[in-house]
Enquirer: 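Before I ask anything, here is the structure I am working with.
These numbers come from the heavy atoms of this one structure, side chains and all, not from hydrogens, waters or symmetry mates. Just so you know, residue 1 is the first one in the sequence shown, and it goes up from there.
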Amino acid sequence: MTRTDLASVLDGARVLPVLTVRHVSTAGPLADALAAGGARCAEVTFRTPDAEPVLKEMAAHGGLSVGAGTVVTPRQAERAVAAGARFVVSPGFDEEVVAKCRELGVPVVPGIATATELMRALKAGLDTVKLFPAEPLGGLRTLRALAAPFPRTRFVPTGGIDASRLAAYLADPAVLAVGGSWMATADHLRRGAYEEIRRLTAEAVERSVT
């Protein structure tokens, strides 16, 4: 049975590592490090030429529910799901991407920055959105202002959030999960710092359950 809501796919996970991976050779060790740190999900952004094979390898790892991020066209959504994506995340709201994900039977989480965009997402039948870019938009103050008139909406804030802000976001009842890249940055991957990735992931997961 296909699970078409993000909460079901995340299965209680509240930290979503957002990954920009340039080389497929790092996908396996990265998946190992994230899983060893307690991560149960990850988002692979479609910003690099190797995004599809990276997603495919990480999805095959078995210990992570892997989704595709920075999906901006229906064709990208098709390619992502074919590579094993369990969910799709977009930087903004696009009706065609939403429709394609529904057709493919995967959750889609569009980015929103305004009440107007949020209303469009709700009109499309969605109840979970990504506040993006969260910190440049005003962080928790903006999230709470948007959540107030739409109390049933769940948010996945992403963009500029680091470890120091994680607990504050997760304490808000409107927040389903928090996306962030601080656990596995481009520099970590360039240096092969997988033990550091494991440690930062473990710290983030621990903060998410306390």
Enquirer: Evaluate the side-chain proximity of Asp5 to Thr128: yes if any heavy-atom separation is below 4.5 Å, no if none is.
Expert: no
Enquirer: Ignoring hydrogens, what is the shortest heavy-atom contact between Gly179 and Val156? Give both atom names and the distance.
Expert: N-CG1, 4.2 Å
Enquirer: Apply salt bridge (Lys or Arg N to Asp or Glu O under 4.0 Å) to the pair Glu203 and Arg207, showing each step before the final yes or no.
Expert: CA-CA 6 Å; Glu203 290 174 358; Arg207 291 184 185 185; 5.2 Å; no
Enquirer: To the nearest 0.5 Å, what is the distance between CG on Leu143 and CD on Glu135?
Expert: 10.5 Å
Enquirer: Rounded to the nearest 0.5 Å, how far does CZ of Arg141 lie from CG of Leu146?
Expert: 12.5 Å
Enquirer: Looking at every heavy atom in both Ile197 and Ala33, which two are closest together, and how far apart are they?
Expert: CG2-CB, 4.0 Å
Enquirer: Do you know the tightest heavy-atom contact between Ala124 and Arg102?
Expert: O-NH2, 2.5 Å
Enquirer: Looking at every non-hydrogen atom in both residues, tell me the closest pair between Tyr169 and Gly139 and how far apart they are.
Expert: OH-CA, 3.0 Å
Enquirer: Would a hydrophobic clustering, with Ile, Leu, Val, Met, Phe, Trp and Tyr connected at side-chain separations under 4.5 Å, put Val89 with Trp182?
Expert: no
Enquirer: Among residues at least two apart in sequence or on other chains, which ones pass salt bridge (Lys or Arg N to Asp or Glu O under 4.0 Å) with Arg47?
Expert: none
Enquirer: Quick one: salt bridge (Lys or Arg N to Asp or Glu O under 4.0 Å) partners of Glu195, sequence neighbours excluded?
Expert: Arg198
Enquirer: Contact between Lys130 and Ile112 at the side-chain level, heavy atoms closer than 4.5 Å - yes or no?
Expert: no
Enquirer: What pair of heavy atoms forms the shortest contact from Thr201 to Ala39, and how long is it?
Expert: CG2-CB, 3.7 Å
Enquirer: Are Leu170 and Val178 side-chain neighbours, meaning at least one heavy-atom pair lies under 4.5 Å?
Expert: yes
Enquirer: Would you please name every residue forming a side-chain contact (heavy atoms from CB on, under 4.5 Å) with Ala168, sequence neighbours left out?
Expert: Leu140, Arg165
Enquirer: May I have the list of side-chain donor-acceptor pairs in residues 15-23 shorter than 3.5 Å, sequence neighbours left out?
Expert:
{"residue": "Thr20", "atom": "OG1", "partner": "Thr45", "partner atom": "OG1", "Å": "2.9"}

Enquirer: Show me the donor-acceptor pairs within less than 3.5 Å that the side chains of residues 183-191 make with the rest of the protein, sequence neighbours left out.
Expert:
{"residue": "Thr185", "atom": "OG1", "partner": "Asp187", "partner atom": "N", "Å": "3.4"}
{"residue": "Thr185", "atom": "OG1", "partner": "His188", "partner atom": "N", "Å": "3.1"}
{"residue": "Thr185", "atom": "OG1", "partner": "His188", "partner atom": "ND1", "Å": "3.1"}
{"residue": "Asp187", "atom": "OD1", "partner": "Arg190", "partner atom": "NH2", "Å": "2.5"}
{"residue": "Asp187", "atom": "OD2", "partner": "Arg191", "partner atom": "NE", "Å": "2.9"}
{"residue": "Asp187", "atom": "OD2", "partner": "Arg191", "partner atom": "NH2", "Å": "3.2"}
{"residue": "His188", "atom": "ND1", "partner": "Thr185", "partner atom": "N", "Å": "3.0"}
{"residue": "His188", "atom": "NE2", "partner": "Glu196", "partner atom": "OE2", "Å": "3.3"}
{"residue": "Arg191", "atom": "NH2", "partner": "Glu196", "partner atom": "OE1", "Å": "3.3"}

Enquirer: Please lay out, stage by stage, how Arg40 and Asp11 fare under the test salt bridge (Lys or Arg N to Asp or Glu O under 4.0 Å).
Expert: CA-CA 8 Å; Arg40 300 205 302 275; Asp11 195 24; 5.2 Å; no
Enquirer: In terms of hydrophobic clusters joined by side-chain contacts under 4.5 Å, are Leu34 and Leu10 together?
Expert: no
Enquirer: Hey, mind stepping through Asp32 and Tyr194 against side chain to side chain contact (heavy atoms under 4.5 Å, CB included) and telling me if it holds?
Expert: CA-CA 9 Å; Asp32 288 340; Tyr194 298 110; over 6 Å; no
Enquirer: Donor-acceptor pair, distance only, cut-off 3.5 Å: does the side chain of Glu117 make one with the backbone of Ala113?
Expert: yes
Enquirer: Among residues two or more places apart or on two chains, list those pairs meeting salt bridge (Lys or Arg N to Asp or Glu O under 4.0 Å) that have a residue in residues 50-74.
Expert: Glu52-Arg79
Enquirer: If you define the side chain from C-beta out and look only at heavy atoms, does anything of Arg86 sit under 4.5 Å from Val106?
Expert: no
Enquirer: Contact between Thr114 and Phe93 at the side-chain level, heavy atoms closer than 4.5 Å - yes or no?
Expert: no
Enquirer: Find out whether Phe87 and Val109 are in side-chain contact, i.e. whether some heavy atom of one side chain is under 4.5 Å from a heavy atom of the other.
Expert: no
Enquirer: Say whether Val205 and Leu166 are linked into one hydrophobic cluster, either directly or through other cluster members, by side-chain heavy-atom distances under 4.5 angstrom.
Expert: no
Enquirer: Between Arg14 and Leu176 (side chain of the first, backbone of the second, donor and acceptor by atom type, cut-off under 3.5 Å), is there such a pair?
Expert: yes
Enquirer: To the closest 0.5 Å, what do you measure between OG1 (Thr158) and CG (Leu131)?
Expert: 8.0 Å
Enquirer: Could you pull out the closest heavy-atom pair between Pro136 and Gly159, with the gap in Å?
Expert: CD-O, 3.7 Å
Enquirer: Quick one: does Val72's side chain get under 4.5 Å of Val97's, heavy atoms only?
Expert: no
Enquirer: Answer yes or no: does atom CD of Glu95 have more than 12 heavy-atom neighbours from other residues, nucleotides or ligands under 6.0 Å?
Expert: yes
Enquirer: Can a donor-acceptor pair be found, under 3.5 Å and without considering hydrogens, that links the side chain of Arg154 to the backbone of Val129?
Expert: no
Enquirer: With clusters defined by side-chain heavy atoms of hydrophobic residues (ILVMFWY) lying less than 4.5 Å apart, directly or transitively, does Leu6 cluster with Val175?
Expert: no
Enquirer: With distance as the sole test, does Thr73 use its side chain to make a donor-acceptor pair with the main-chain N or O of Gln76 at under 3.5 Å?
Expert: yes
Enquirer: Keeping Ser90 on the side-chain end and Val71 on the backbone end, is there a donor-acceptor pair under 3.5 Å?
Expert: yes
Enquirer: Do Val9 and Leu64 belong together in a cluster built from hydrophobic side chains that touch within less than 4.5 Å?
Expert: no
Enquirer: Less than 4.5 Å apart, any side-chain heavy atom of Phe155 and any of Asp172?
Expert: no
